[in-house]
Every structure is written in C-alpha cells, then in structure tokens.
Amino acid sequence: MDKTVLNVNKLQTEFRMRRYTVYAVNGVSYDIHPGEIVGVVGESGCGKSVSQMSTLRLVPSPPAHIAGNAVYEGKDLVDPSNAEYLRSVRGGKIAMIFQEPMTSLNPVMKVGEQISEAIRLHMKLGANEARARTIELMKKVRIPDAEERYESYPHEFSGGMCQRLMIAMAMSCDPDLLIADESTTALDVTIQAQILEMLRDVVRETQTALLIVTHNLGIVARYADKIYVMYAGSVVEYGRAADIFTAPSHAYTIGLLNSVPRLDDDKDRMLMPIEGFPPNLQSRPEGCAFSARCTQKLPECASCSEFPLKMVGDGHYSLCINDHLDRSQRRSDTLFEAKRIPDETLLEIRGLHREFPVKKGILFKKTVGKVHALNDVNLRIRRGETLGLVGESGCGKTTLARSILGLISPTSGEILYQGTDLTKLDKRKTREMRKDIQLIFQDPFASLDPRMSIGSIIGEPLVVHKLTSGKAEYLKRVEELFIMVGLDPSLRDRSPHELSGGQRQRVGIARALASEPRFLVCDEPVSALDVSVQAQILNLLERLQRELGLTYLFIAHDLSVVRHISDTIAVMYLGRIVEKGDWKTLCKNPMHPYTRALLSAVPIPDPEIERTRNIEAIKGDVPSVSRLPGGCSFHPRCPYASADCAAAVPELRETEPGHFVACPVADAIRGAKSQAGSAE
C-alpha cells in the first residue's frame with residue numbers, strides 16, 4: 001500500500017451566499033490506497049458528501065469556494081487550471097455512485113446507451129465494442145437477461161436494479177477509485193448486502209480503491225479497512241476499523257456507537273442517543289464543535305481555539321482533548337421495565353387477501369391479470385404488544401397497513417378490532433374508528449402540510465374529531481402533546497421546513513397521539529433518520545407505549561430495529577406470512593431460509609464479530625407479484641429448495657409453542673443446525 005490513489009489535504013468548502021457563508025468542509029485530510037476500502041461516517045449535514053463532491057468539483061461554483069489539495073497522479077484536482085485534466089479523470093479514473101439512482105439516470109435514455117456513452121468517451125471504443133462491454137458489465141452486476149435489458153429504460157427497473165446499473169456505469173472504465181455515496185441507503189438489507197459483497201469482490205479482483213460514505217456503522221464494520229468519522233465539516237477521528245470500534249477516542253464516535261440497536265445487544269437496553277443537534281455551519285464554532293452535545297466535555301473544550309489531530313494509537317488519531325474518556329458509556333445500564341402483556345386480543349386478521357387488477361389499453365382498458373398483494377394473511381395482536389412486521393420492499397407490508405386503516409378495501413378476509421370487522425364498516429363508522437387507530441408515516445416531511453404551522457398540524461385531529469370544547473382547552477391539549485413527545489411548545493408557530501428530521505418525526509407522532517388512539521401503525525418510522533435521531537424516536541415510542549398503554553404494528557425492513565422494539569415478529573414475503581413468533585425464538589432460532597437471510601444481511605457494528613459471521617446471502621430480487629412462482633414463492637431464491645418446494649404452497653404450521661413457519665424444508669434446516677451444533 002505504498003502507492004496512494006488519492007491524497008486530500010486540508011480541503012475546505014465554503015458556500016458564500018449573499019447574506020451569509022456556510023462553512024461546509026473545514027480542513028479535511030485523508031488518503032486512500034489501491035485495494036483499500038475506506039469508510040466515511042457521520043450524521044446528515046456533517047460534510048461527508050460535500051467533501052467527496054468538492055474533490056471532483058461537482059459542487060456549483062459559485063456559490064461554492066473550494067480550497068486545499070486533492071492530488072491524483074501528481075495533479076491537484078481542486079486547482080482550476082487542471083479543469084481539462086479533471087474532466088478526463090471524472091467518471092473514468094475516479095467514479096462516483098450516487099445515493100439516488102432514479103435521479104442520476106436519464107429517464108428518456110436507454111440504460112445500455114447511458115453506460116456505453118461513458119465507455120466510448122473515456123475508453124475511446126467503437127459502438128459495437130462499447131455495447132459488448134456494457135452487456136458484460138450488466139451481467140457482472142447480475143442484471144438478468146442483460147442483452148434484452150440493454151434496450152430498457154430506467155423506470156422499467158426496480159430500485160435495487162437501478163443501483164446496480166449505476167455501479168456498472170461507475171465500473172465501466174476500470175476506475176482506480178470508486179466513491180459510493182450512501183449508495184445502499186434506500187435499499188432493502190438483502191439487496192444492500194448483495195451490492196456491497198459485489199463491490200468488495202470488485203476491490204479484491206481489480207485492486208480498485210473503494211470509499212464508502214454512509215451513516216450505517218454496521219456497513220463500515222463489515223467492509224471497511226479504515227474509517228474517518230466526520231462532524232460539523234471536520235474529521236474528528238480516524239484509524240483502522242478495529243481500533244475505531246474497540247477503542248473509540250472521540251466522544252462523538254462513542255455517541256454514534258451507543259445509538260445503534262444491535263442484533264447481539266440486550267433487548268431491553270435503552271438506547272443512548274446523542275442529545276441535541278449538529279451546529280449551524282453559518283459560523284465557525286468556537287472551541288470544539290461537539291462540546292454543546294458532549295457528556296464528557298472539559299472546561300477548556302468550549303474555549304480552546306485550536307484542536308489538532310493527535311495520535312492515540314498506531315495509525316489512530318483523534319481531535320478530542322479529553323485523555324480519560326469513559327468508553328463504558330458505549331453501553332447503557334438503563335433497562336426498560338419489563339412489559340406485562342395480557343392475553344387479550346386487540347386486533348385480529350383472518351384470511352386477508354388483496355388483489356389489484358392489471359389493466360391495459362388506451363381508450364378501453366381491459367383487465368389482463370392480477371397483482372396478488374396479500375395472500376391469506378393471519379395475525380393476532382394483543383393489547384399493549386408491539387408486533388414487528390419485516391420483509392423486503394414489495395412484500396405487502398404497506399398494503400396490509402393500509403387495509404387495517406381502511407385506506408384500501410381487502411378482496412376477502414376479516415380485520416377484527418375489538419371484535420368489530422373493520423372491512424364491513426361504512427364511511428362514517430370507519431372515520432369514527434380512525435380516532436382509535438392512527439398512522440405514523442415513513443417520511444415525516446412529505447406527510448406534513450407545508451402551509452400549516454406545527455401547532456395547527458398537531459391540533460388538527462382535535463378539531464376533526466371534536467375532542468376539545470373551546471380554544472383554551474384546545475391550546476392546553478396541543479401544549480401537552482408537544483411536551484409528551486419532547487418538543488418545545490414555542491415551536492408551535494413554525495413551519496415543517498424549519499424543523500430537523502427528528503423534530504418532524506416527533507410532530508408526526510404527536511399528531512397521531514392527539515386523538516388518544518389505542519393502536520398505532522408505524523410504517524417505517526425511523527428508516528429515513530440518522531442513527532442518533534433514530535435512537536431518540538425508538539426510546540420515545542417505547543416510553544409512550546408504557547405510559548399510555550399503546551399497541552403497535554411496527555413495519556420495517558431492518559431486523560435489528562424490529563428486534564429492539566418488538567415483542568412478537570412476523571416475516572412477510574410476497575404477501576404471505578412465512579414465519580412468526582416471539583422475538584427471542586425468531587431471532588435466535590430462525591427456521592425459514594428467508595428469515596435467516598434477513599438476519600444475516602443485517603451487519604453488526606463490530607469488526608471482530610463480522611469477521612466470524614456466516615453471511616447467508618440470497619439470490620436475485622423479489623419477483624413480480626403479478627407473476628408469482630408456483631408452490632413456495634421463495635423457492636427460486638432459496639439455497640435449500642427441493643423439488644417439493646415448487647409443488648404446493650406451504651401452510652403456516654407450529655413447529656414449537658408460539659413459533660410458526662411456512663417452509664417444507666424447515667425440519668431439514670433444523671436437523672442441519674443441530675448437527676452443526678453437536679459437531680462444535
């Protein structure tokens with residue numbers, strides 16, 4: 001590793017606006033070598049993406065003003081005089097995989113042509129050679145039927161497939177450095193694992209350097225050799241991945257590690273989020289930028305004018321001046337009080353089916369098929385319980401949630417809430433029932449009316465359901481809701497865009513609680529949040545459940561989050577429940593191959609544990625629900641599938657008390673696990 005692919009030294013990026021300046025990147029330095037995987041982690045707004053885009057001068061200038069050096073092949077990419085050279089490097093020798101593939105791909109251009117365009121530009125190949133290389137790359141990133149899909153447009157691919165196309169485009173010219181900017185954030189954990197494994201294989205085969213920008217600490221624990229931790233535009237700690245996780249030497253790093261729910265953690269441990277918010281970068285922070293949020297700060301942290309990086313170990317550096325950090329704070333001794341869940345059914349779903357017709361035609365549309373979104377779903381949720389529902393995108397989780405809320409009508413089946421079948425209620429009674437059943441949305445910003453004040457948004461259910469008499473009672477109740485979810489009532493006159501993501505999610509929770517519901521449907525409520533904000537919201541939901549006796553249906557695709565908050569877990573695949581049981585049984589003894597793959601795909605933020613884990617990756621993507629495979633719908637992707645799996649749809653059967661599995665080879669898997677355990 002003597003050769004350096006890219007050396008960045010004291011990079012600074014300022015956005016000089018008319019009335020203020022944003023100091024987005026402040027003196028960032030790093031280097032990366034051939035075949036090395038480097039992780040850059042931190043919360044949103046800490047400068048991770050801006051620093052990488054500044055290196056390639058992808059930020060608009062003006063208003064951006066970039067200083068410092070980014071040396072590649074002996075030339076400074078930041079120097080404006082090297083603009084022509086940078087154009088030959090960008091996309092060819094240094095390639096970037098962007099966070100959102102659908103906004104990065106040209107919607108009116110065939111995907112094959114988009115990839116071959118870069119090949120013709122940088123590798124100077126002819127049209128036929130470029131086409132052949134494009135098809136080869138599409139096969140390499142596991143795009144099925146690559147020759148035919150060359151002519152397809154981006155909208156004809158799933159999100160995971162579009163991300164693979166972006167990777168194929170980035171790899172098309174055999175770059176020396178590949179920058180993956182949150183490239184798997186919007187993907188399911190299984191697709192995320194497939195893509196990251198594929199990128200690691202590319203690094204091993206070609207000695208391409210890989211820089212991963214992410215806020216997911218588990219990803220860098222599994223894949224990175226070296227990690228840079230960023231906060232408020234600066235690198236606050238860096239070193240080998242093992243050192244960062246075993247001996248974190250900055251209070252911010254300790255806070256990030258503390259915020260993450262882990263598959264191997266104590267189930268009832270209260271997460272320890274980083275309180276407060278990152279500083280406003282419209283002015284340079286005086287003293288340590290993290291001191292306002294730090295629980296281990298010293299008196300000089302707020303007054304010291306300069307914080308140079310100091311060595312705390314071999315190749316391990318930190319900005320923190322506290323030489324006696326308490327690393328035991330990585331674990332909270334605070335446990336939630338054990339819940340007592342009565343054996344009383346609040347909501348029961350029986351034989352639920354939902355089909356959507358597929359229609360074609362311009363003037364006279366004809367039904368040409370059906371999408372089977374829900375197939376014979378049976379669930380029971382007890383009063384005061386949290387039922388976690390997990391599965392990949394397209395498996396029917398949100399369709400089930402909307403059916404419970406009466407937003408769509410099921411084709412057949414029953415949804416019994418306290419004995420009342422919700423599917424048979426008229427519009428008036430459904431509206432009345434919604435006072436008892438509320439929804440917390442996935443995207444807190446899109447679900448809030450931008451033209452209403454925060455106070456009006458939270459108070460709207462009080463008006464709709466006529467729950468207060470008079471303005472004084474209304475204002476008092478709104479203030480109570482603000483305090484209940486940990487918001488300052490003085491924010492009532494602000495608009496949604498003036499709040500942070502975590503604050504907006506608290507507004508969504510307060511609005512859901514306004515009608516005093518008994519049952520909350522939480523549809524991916526933390527998937528779009530930073531780990532520290534995610535911890536705050538998970539702690540809030542658990543506290544509110546205990547104080548108000550709430551019952552949750554918690555929908556997510558991350559099993560570490562679901563395990564942390566749930567009492568019972570149900571796993572859904574292509575509209576069917578394939579396994580369900582209490583959290584301990586399902587997480588420690590998963591029987592369905594799909595559940596095992598979901599658990600395996602979730603990385604644990606500990607490099608030592610990750611080195612010894614057996615990752616059970618599954619093949620391909622979720623098939624189309626309009627063309628379901630025969631028999632067990634999972635058998636085309638299952639590593640244990642036999643001929644019997646395609647013969648008939650397996651029934652959900654009880655393999656041990658309270659543990660149900662729909663898998664014809666579950667007994668064989670159990671036997672193999674028992675033999676492996678005996679051998680050890």
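Side chains of Tyr474 and Val463 form a contact here, defined as non-hydrogen atoms less than 4.5 Å apart. Taking the side chain as every heavy atom from C-beta outward, Val531 and Glu43 never approach each other to under 4.5 Å. Within the 4.5 Å cutoff, side-chain heavy atoms of Val189 are placed close to those of Leu598. You'll find the side chain of Met572 stays beyond 4.5 Å of the side chain of Tyr594, heavy atoms only. Ile577 places a side-chain heavy atom less than 4.5 Å from the side chain of Leu652. Thr398 has its side chain within reach of Arg402: a pair of non-hydrogen atoms, C-beta onward, lies under 4.5 Å apart. At a threshold of 4.5 Å between non-hydrogen side-chain atoms, the residues Val464 and Arg431 count as touching. No side-chain heavy atom of Pro273 sits less than 4.5 Å from a side-chain heavy atom of Gln534.
A side chain to side chain donor-acceptor pair (under 3.5 Å) with Lys424 is found for one member of Thr420, Asp421, Asp426 and no other, namely Asp421. Screening Leu347, Thr551, Ile341 for a side-chain contact (heavy atoms from CB on, under 4.5 Å) with Arg382, the sole residue that qualifies is Ile341.
Here the side chain of Ser403 pairs no donor or acceptor atom with the backbone of Pro410 at under 3.5 angstrom. Using a distance-only test at 3.5 Å, with no hydrogens or angles considered, no donor-acceptor pair links the side chain of Glu479 to the main chain of Lys476. Formation of a donor-acceptor pair under 3.5 Å by the Gln545 side chain with backbone atoms of Leu550 is found in this model. Listed for the Arg354 side chain is no donor-acceptor partner under 3.5 Å among the backbone atoms of Ala373. Checking side-chain atoms of Arg518 against main-chain N and O of Asp436 turns up no donor-acceptor pair under 3.5 Å. In this structure, the side chain of Arg563 engages the main chain of Leu263 through a donor-acceptor pair within 3.5 Å. Remark: side-chain polar atoms of Lys397 are paired, donor with acceptor, to backbone N or O of Gly391 under 3.5 angstrom. With Glu473 contributing its side chain and Ser469 its backbone, the two residues share a donor-acceptor pair below 3.5 Å. With Thr214 contributing its side chain and Asn216 its backbone, the two residues share a donor-acceptor pair below 3.5 Å. Put simply, the side chain of Ser515 gets close to the backbone of Lys435: a donor and an acceptor are under 3.5 Å apart.
How far CG of Leu541 is from CD of Gln505: 8.0 Å, rounded to the nearest 0.5 Å. How far CG of Leu389 is from CZ of Phe554: 11.0 Å, rounded to the nearest 0.5 Å. From Leu481, atom CG reaches atom CZ of Arg492 across 11.5 Å, with rounding to the nearest 0.5 Å. Atom OH of residue Tyr252 and atom CD1 of residue Ile274 lie 5.5 Å apart, to the nearest 0.5 angstrom. Separation of atoms CD (Glu480) and CG (Leu475) is listed at 11.5 Å; rounding is to 0.5 Å. Considering CG of Leu520 and CG of Leu548, their distance stands at 9.0 Å, rounded to 0.5 Å.
The existence of a salt bridge linking Arg428 and Glu432 is confirmed by a sub-4.0 Å separation between a basic side-chain nitrogen and an acidic carboxylate oxygen. Ion pairing of Arg380 with Glu385 is absent here, as no side-chain N (NZ or NE/NH1/NH2) approaches a carboxylate O to less than 4.0 Å. Asp488 has no carboxylate O lying under 4.0 Å from a charged side-chain N of Arg494, or vice versa, which leaves the two without a salt bridge.
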Using the side chain to side chain contact (heavy atoms under 4.5 Å, CB included) rule, take Ile349 and Leu400 through it: C-alpha gap first, then chi angles, then the decisive distance, then the call.
-> CA-CA 10 Å; Ile349 298 170; Leu400 178 62; 3.8 Å; yes
Should Leu559 and Leu599 be marked as a side chain to side chain contact (heavy atoms under 4.5 Å, CB included) after you check the CA-CA gap, both sets of side-chain angles, and the distance that decides it?
-> CA-CA 6 Å; Leu559 261 167; Leu599 284 165; 3.6 Å; yes
With side chain to side chain contact (heavy atoms under 4.5 Å, CB included) as the test, would you mind laying out the steps for Val229 and His250 before giving the verdict?
-> CA-CA 9 Å; Val229 182; His250 195 284; over 6 Å; no
Does the side chain to side chain contact (heavy atoms under 4.5 Å, CB included) test come out yes or no for Leu422 and Thr430, once each step is laid out?
-> CA-CA 7 Å; Leu422 300 181; Thr430 297; over 6 Å; no
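Shown here for Glu654 and Phe660, the closest heavy-atom pair between the two residues is CB-CE2, 3.6 Å. In terms of heavy atoms, Ala556 sits closest to Val562 at CB-CG2, 3.6 Å. Asp326 approaches Ile254 most closely through the heavy-atom pair O-CD1, 4.3 Å. Contact between Val40 and Lys48 at its shortest, heavy atoms only, is O-CD, 3.7 Å. Nearest heavy-atom pair, Ala512 versus Gln438, reported as atom, atom and distance to 0.1 Å: O-CG, 3.2 Å. Minimum heavy-atom separation, Lys580 to Asn378: NZ-O, 3.1 Å.
The side chain to side chain donor-acceptor pair (under 3.5 Å) pairs that include a residue from residues 446-458 are Asp449-Arg451, Ser453-Ser456, where partners are two or more places apart or lie in different chains.
In this structure, Arg383 places its CZ atom where more than 12 heavy-atom neighbours from other residues, nucleotides or ligands lie under 6.0 Å away.
Side-chain contact of Asp582 with Thr568: a donor-acceptor pair under 3.5 Å is absent, judged by distance alone. Side-chain contact, Thr411 with Glu355: no donor N or O sits under 3.5 Å from an acceptor N or O.
With a 6.0 Å cutoff to the six-membered ring centre and a 45° limit on the axis angle, Arg576 does not count as a cation-pi contact of Tyr573.
Ring orientation note: the planes of Phe290 and Tyr231 are nearly perpendicular, at an angle over 60° on the 30°/60° scale.
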